[in-house]
Amino acid sequence: MRYSKNIWHPCSQMKDYETFKPLHIVRASGCYLELANGKKIIDATSSWWCKSLGHQHPRLKAALLQQADRFEHVIFANTTNDKIIALSNKLTSLMPSLKKVFYAGDGSCAVEIAMKMSLHARKILQEPQRKKFITLSNAYHGETVGAMSVSDLGLYSEPYTAMLFDTVVISSIPYVSHQNAALWSNCDAYWEQIEKQLLPWAETATAILVEPILQGAGGMKIYSQDFLKRLRAWASLHHVHLIADEIMTGIGRTGKMLACEHAGIEPDFLCLGKGLTSGWMSFSAVLTMETIYDLFYDDYETGKSFLHSHTFSGHALGAAIAFEVLAIMEEEKLCERAVLLGAHMYESMLAVANETGQLTNVRGIGAMVAADLVSADPSRRLGYEVFQKAVDLGALLRPLGNTIYWLLPLNAEMGVVDELRGITIGAIASLVPSLRRRGARSEQE
Ligand SMILES: Cc1ncc(COP(=O)(O)O)c(C=O)c1O
């Protein structure tokens with residue numbers, strides 16, 4: 001059987017599946033997915049941004065099997081093991097002040113853990129007035145209620161408004177298309193307007209949440225590192241926590257191990273997921289400072305314990321794989337590799353824009369490049385049409401609305417980018433009659 005009507009797929013209008021059936025995957029390797037009909041297609045967005053080392057990495061498979069041979073998962077309250085100790089040592093060496101790590105099962109939960117820790121710290125500090133969360137426009141932090149509340153994408157959260165809480169949304173974000181942009185290193189022109197929005201909350205905010213440097217679901221938007229630096233300074237000055245949600249940006253995606261490094265800052269809380277296990281396990285982590293941890297450290301009777309208790313916290317298979325991911329990142333210098341790959345991706349997306357004339361706002365950082373389709377007809381789901389054509393031509397290129405982007409594994413071969421460029425041009429061109437004519441002419445020439 002190639003399709004089951006019993007399944008409700010994520011992030012989908014199921015009616016679409018009547019005319020465009022789910023792709024039936026039988027195998028995957030590196031950047032490629034193999035379909036039941038034998039066709040191989042490029043996984044151009046790394047399976048919702050998590051396959052940072054590609055599919056079926058032999059070392060990650062070996063790490064998984066080796067751990068499975070010993071034990072797969074044991075309750076992580078009151079137990080420990082060699083792998084999680086080794087992993088925790090590595091994670092807490094990523095940033096000098098983030099010395100404590102708490103484990104969770106997925107990205108949304110990691111974000112909520114950081115939020116709970118921030119709020120709980122306020123209770124311990126007897127600062128009950130500090131309960132507001134501040135977030136950025138176009139933010140996305142996940143799908144659970146708290147994570148949705150601090151996100152700014154009505155598309156995902158509007159029907160659930162009744163169960164969300166109010167947050168402060170900061171607008172006028174200084175977006176850039178590239179690190180060479182002047183705004184990247186100086187956002188003076190924007191800061192006054194931003195500070196005006198922040199100031200009323202200086203005494204009542206508990207934390208500011210950011211996707212550092214690169215906002216993913218909000219449309220692959222890149223912002224000024226100077227803005228992040230100023231936000232950190234403002235938060236410190238007013239004793240507001242900074243929560244860096246690096247679920248998507250962390251572990252090399254932006255060309256640095258952590259996107260916060262672009263601004264030379266350290267957050268109070270750092271959330272990691274997705275690429276932490278290169279998508280092998282649902283496994284995430286929250287790193288924080290000793291000063292925060294110490295607030296909770298007391299006799300049980302004082303009621304200060306952080307009693308968050310997910311079944312899969314510290315999953316041993318996830319820990320074994322995450323440890324190996326970090327080893328591979330280091331040995332193969334994959335942050336540097338992401339920068340090289342990204343430069344080629346950026347040039348290639350520019351070529352797609354030039355060739356088709358249908359893309360605007362080409363932007364990129366690390367191994368991510370994006371551009372927006374110029375759509376004259378707002379009723380047309382152009383991004384979705386490009387996605388369907390791209391599958392025919394050989395790539396799973398799931399867009400964000402009309403934003404087309406490539407987010408390949410950090411270790412992808414340059415040739416995959418070339419292939420993707422051809423496929424993207426073909427997919428866009430096939431939808432634009434004038435381009436189709438131009439394509440036909442150049443074939444004859
Ligand atoms: C920045 C960010 N935070 C949180 C999440 C939620 O992660 P998960 O889907 O693992 O819950 C995502 C997922 O795309 C994300 O991009």
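Ligands are counted one by one from 1 in listed order, and the atoms in each one are counted from 1 as well. Treat the numbers as computed from the prediction; the structure is a model and nothing was measured.
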Asker: Has Lys90 got its NZ or CZ under 6.0 Å from the middle of the six-membered ring of Phe323, at an angle within 45 degrees of the ring axis?
Answerer: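 Yes, a cation-pi geometry holds between Lys90 and Phe323.
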Asker: Distance to the ring centre below 6.0 angstrom and angle to the axis at most 45 degrees; does that hold for Lys40 and Tyr32?
Answerer: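 Relative to the ring axis of Tyr32, which defines the angle, Lys40 lies outside at least one limit.
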Asker: Which bit of Glu211 gets closer than 4.0 Å to ligand 1, counting heavy atoms only: side chain, backbone, both or neither?
Answerer: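 Contact part for Glu211 vs ligand 1: side chain (C-beta onward).
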Asker: Has ligand 1 got any nitrogen or oxygen that is less than 3.5 angstrom from a nitrogen or oxygen of Asp245?
Answerer: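 Yes: some nitrogen or oxygen of Asp245 is under 3.5 Å from one in ligand 1.
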Asker: Name the closest protein heavy atom to atom 4 (C) of ligand 1, giving the residue it belongs to and the distance to 0.1 Å.
Answerer: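 Result: His141 O, 3.2 Å.
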Asker: Nearest 0.5 Å, please: how far is CG in Leu33 from CZ in Arg27?
Answerer: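 Separation between the atoms: 12.5 Å.
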Asker: Could you tell me, atom by atom, which parts of ligand 1 come under 4.0 Å of a heavy atom of Asp106?
Answerer: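 Reading through ligand 1 atom by atom, the close ones are 10 (O), 11 (O).
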Asker: Is the closest heavy-atom distance from Glu143 to ligand 1 below 4.0 Å?
Answerer: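 Glu143: no contact with ligand 1 (<4.0 Å).
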Asker: What residue and heavy atom of the protein are closest to atom 12 (C) of ligand 1, and at what distance?
Answerer: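 It is Tyr140 CE2, 3.6 Å.
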Asker: Side-chain donor-acceptor pair under 3.5 Å between Asp372 and Thr360, yes or no?
Answerer: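 Absent: no donor and acceptor within the cut-off.
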Asker: Are the side chains of Leu407 and Met220 in contact, using a 4.5 Å heavy-atom criterion?
Answerer: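 Side-chain contact under 4.5 Å: yes.
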Asker: Evaluate Gly107 for polar contact with ligand 1, using N/O atom pairs at a separation under 3.5 Å.
Answerer: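 N/O-N/O distance below 3.5 Å exists for this pair.
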Asker: Write out the residue and atom name of the closest protein heavy atom to atom 11 (O) of ligand 1, then the distance separating them to 0.1 Å.
Answerer: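 Among all protein heavy atoms, the one nearest atom 11 (O) of ligand 1 is Ser108 OG, 2.6 Å.
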Asker: Could you tell me whether the side chain of Met248 reaches within less than 4.5 Å of the side chain of Arg253, counting heavy atoms only?
Answerer: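 Contact flag for Arg253/Met248 side chains = yes.
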Asker: Consider ligand 1: state whether an atom of it lies below 4.0 angstrom from any non-hydrogen atom of Lys274.
Answerer: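 Within the 4.0 Å threshold, so yes.
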Asker: Does ligand 1 have any atom that is closer than 4.0 Å to a heavy atom of Trp49?
Answerer: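 Right, Trp49 reaches ligand 1.
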Asker: Could you tell me whether Phe306 atom CZ has more than 12 heavy atoms of other residues or ligands within 6.0 Å of it?
Answerer: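 It does: Phe306 CZ has more than 12 such atoms within range.
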